[in-house]
2 protein chains.
Amino acid sequence: VISLYDVRRYFVMGDFIVKALNGVTVSIERGEFTAIMGPSGSGKSTMMNLIGCLDTPTGGIVQIDGEGTVGMSEAELAFIRNQKVGFVFQQFNLLGKINALENVMTPLLYAGIGVRERKEKAIAALERVGLGDRMKHRPNELSGGQKQRVAIARALVNNPSILLADEPTGALDSNTGRQIMELFEELNSEGRTVVLVTHDHDVAMHCRRQIRVRDGRLEE
Amino acid sequence: VISLYDVRRYFVMGDFIVKALNGVTVSIERGEFTAIMGPSGSGKSTMMNLIGCLDTPTGGIVQIDGEGTVGMSEAELAFIRNQKVGFVFQQFNLLGKINALENVMTPLLYAGIGVRERKEKAIAALERVGLGDRMKHRPNELSGGQKQRVAIARALVNNPSILLADEPTGALDSNTGRQIMELFEELNSEGRTVVLVTHDHDVAMHCRRQIRVRDGRLEE
Ligand SMILES: Nc1ncnc2c1ncn2[C@@H]1O[C@H](COP(=O)(O)OP(=O)(O)OP(=O)(O)O)[C@@H](O)[C@H]1O
Ligand SMILES: Nc1ncnc2c1ncn2[C@@H]1O[C@H](COP(=O)(O)OP(=O)(O)OP(=O)(O)O)[C@@H](O)[C@H]1O
Ligand SMILES: [Mg+2]
Ligand SMILES: [Mg+2]
């Protein structure tokens with residue numbers, strides 16, 4: 001369902017080029033539960049952003065559900081981002097001016113769902129990550145791990161077939177992290193593809209496959 | 001050197017009160033290397049913000065170097081924040097419009113140091129955290145773990161006698177995290193007091209003392 005072929009992503013910094021991804025070829029099948037690991041700065045988030053159609057490669061092919069994303073229209077990319085993929089950002093990327101509930105309701109707006117159903121789904125998603133008592137808090141009125149869980153709830157609320165999570169337990173204690181991994185396992189057992197970046201070996205062990213990245217390439 | 005006596009920090013949310021800290025009494029001696037642990041939302045960052053004079057308690061006494069902070073003037077609090085304490089924020093809090101080097105130079109501005117010396121000290125601090133080759137990158141041109149290390153370099157550059165780090169290795173792989181812990185141990189062996197919040201047991205084991213927080217109180 002996710003296929004990368006010789007993908008490169010270069011950043012031009014004046015007369016210097018940062019090769020964040022330098023030729024990555026990998027396939028992830030539907031229903032996999034895969035961990036992406038590697039040193040800080042090795043290219044994991046860059047890879048996740050390309051899979052999630054939040055960024056475009058400098059070279060190579062990215063395919064989602066068998067369709068190449070290079071050359072797709074903005075509307076087609078937005079459809080993948082909003083309907084097919086749920087994305088948990090490494091820095092959460094919550095909207096600061098609205099509360100937790102409204103943040104989780106945001107993806108449902110694009111799906112054209114009525115406000116009462118949006119609210120019900122968002123409440124259910126927040127309760128699933130243990131934040132039923134923090135729904136009216138704005139992001140700056142939440143702890144780091146609570147913000148992370150709001151970001152997870154927002155990624156799940158649209159029931160996406162692919163869940164991409166960039167270090168989803170980084171700000172959580174081991175008990176709360178374990179609850180989130182159980183939630184991901186439940187979603188994967190329902191047939192969703194789960195790909196997560198992690199630095200935590202316990203989290204990686206929950207995944208059936210581990211992919212390692214170093215200096216923009218995959219390690220065999 | 002750090003003393004909290006029956007410290008409370010309440011947040012009023014409409015007609016509901018969140019008791020983020022609900023009676024904390026603890027003393028940390030000069031030269032200690034102490035870890036603060038506890039579940040997500042238990043009050044760790046709130047406690048660190050009070051120790052670092054970034055916030056004031058609802059009740060109780062906070063003393064730094066034997067002096068109570070409640071009732072201090074803004075100039076006295078700024079002196080503690082800029083000269084005595086180095087603070088690594090959980091969300092890094094880097095300034096987005098300037099590059100890594102300029103971010104690390106910022107605390108030296110308050111200390112009235114000339115620009116050439118500020119630059120030299122900032123370069124040394126960035127090299128110490130392994131980012132000598134990313135100095136001209138802005139925060140949005142850095143990976144999560146690289147941003148975290150810029151935040152660590154910025155906290156160290158003024159040679160503070162107290163280092164407060166809120167989850168300093170959360171975005172780092174185990175090797176990079178280990179390098180940062182070795183740096184903290186080196187600073188502590190020079191006599192600096194190091195207090196860090198962590199969810200990582202390996203990191204906590206590096207510290208000579210562990211304090212546990214739960215629901216705004218210390219666990220015995
Ligand atoms: N400005 C605020 N307004 C209202 N509630 C707040 C505010 N800041 C923090 N809180 C609440 O106070 C509690 C403690 O927050 P704190 O950030 O200290 O937790 P923490 O232990 O650092 O958690 P984490 O490990 O997730 O970072 C949380 O339940 C949080 O929702
Ligand atoms: N916009 C950008 N401009 C320039 N360089 C960039 C940009 N974004 C990322 N980089 C560089 O590309 C490399 C890969 O970054 P990436 O965020 O993918 O790493 P990562 O594996 O997610 O690291 P971490 O574990 O620290 O989050 C890093 O060295 C980073 O400095
Ligand atoms: Mg990353
Ligand atoms: Mg915190």
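Letters go in sequence order (proteins before strands), and every chain restarts at 1.
No hydrogens or angles considered: nothing links the side chains of A:N49 and A:R9 as a donor-acceptor pair under 3.5 Å.
Contact of A:K44 with chain B is not made at all, since no heavy-atom distance falls under 4.5 Å. Using a 4.5 Å cut-off between heavy atoms, A:S143 touches chain B through its side chain atoms alone. For B:E141, the part sitting under 4.5 Å from any heavy atom of chain A is the side chain, from C-beta outward, and nothing else. Contact annotation for B:H137: both backbone and side-chain heavy atoms come within less than 4.5 Å of a heavy atom of chain A. Both the backbone and the side chain of A:Q146 have a heavy atom closer than 4.5 Å to some heavy atom of chain B.
B:D215 has no carboxylate O lying under 4.0 Å from a charged side-chain N of B:R217, or vice versa, which leaves the two without a salt bridge. Salt-bridge annotation for A:E74 and A:R81: present, with a side-chain N of the basic residue lying under 4.0 Å from a carboxylate O of the acidic one.
By the side chain to side chain donor-acceptor pair (under 3.5 Å) test, B:N103 pairs with no residue at all, sequence neighbours left out.
Contact count versus chain A (heavy atoms, under 4.5 Å) is highest, among B:L172, B:D133, B:T46, for B:L172. Interface remark: of the candidates B:P39, B:G170, B:G14, B:P39 forms the most heavy-atom pairs closer than 4.5 Å to chain A. In terms of heavy-atom pairs under 4.5 angstrom with chain B, the leader among A:Q90, A:M13, A:K147 is A:M13. Between chain A and the options B:V18, B:T169, B:L142, the largest number of non-hydrogen pairs under 4.5 Å is found for B:V18. By number of non-hydrogen pairs under 4.5 angstrom with chain A, the leading residue of B:R134, B:E167, B:Q91, B:K136 is B:Q91.
Between B:I98 and B:T106, some side-chain heavy-atom pair lies under the 4.5 Å cut-off.
Smallest separation of non-hydrogen atoms from B:F87 and B:M48: CE1-O, 3.4 Å.
Pairs passing the side chain to side chain donor-acceptor pair (under 3.5 Å) check and including a residue from residues 171-183 of chain A, sequence neighbours excluded, read A:D173-A:T176, A:N175-A:R178.
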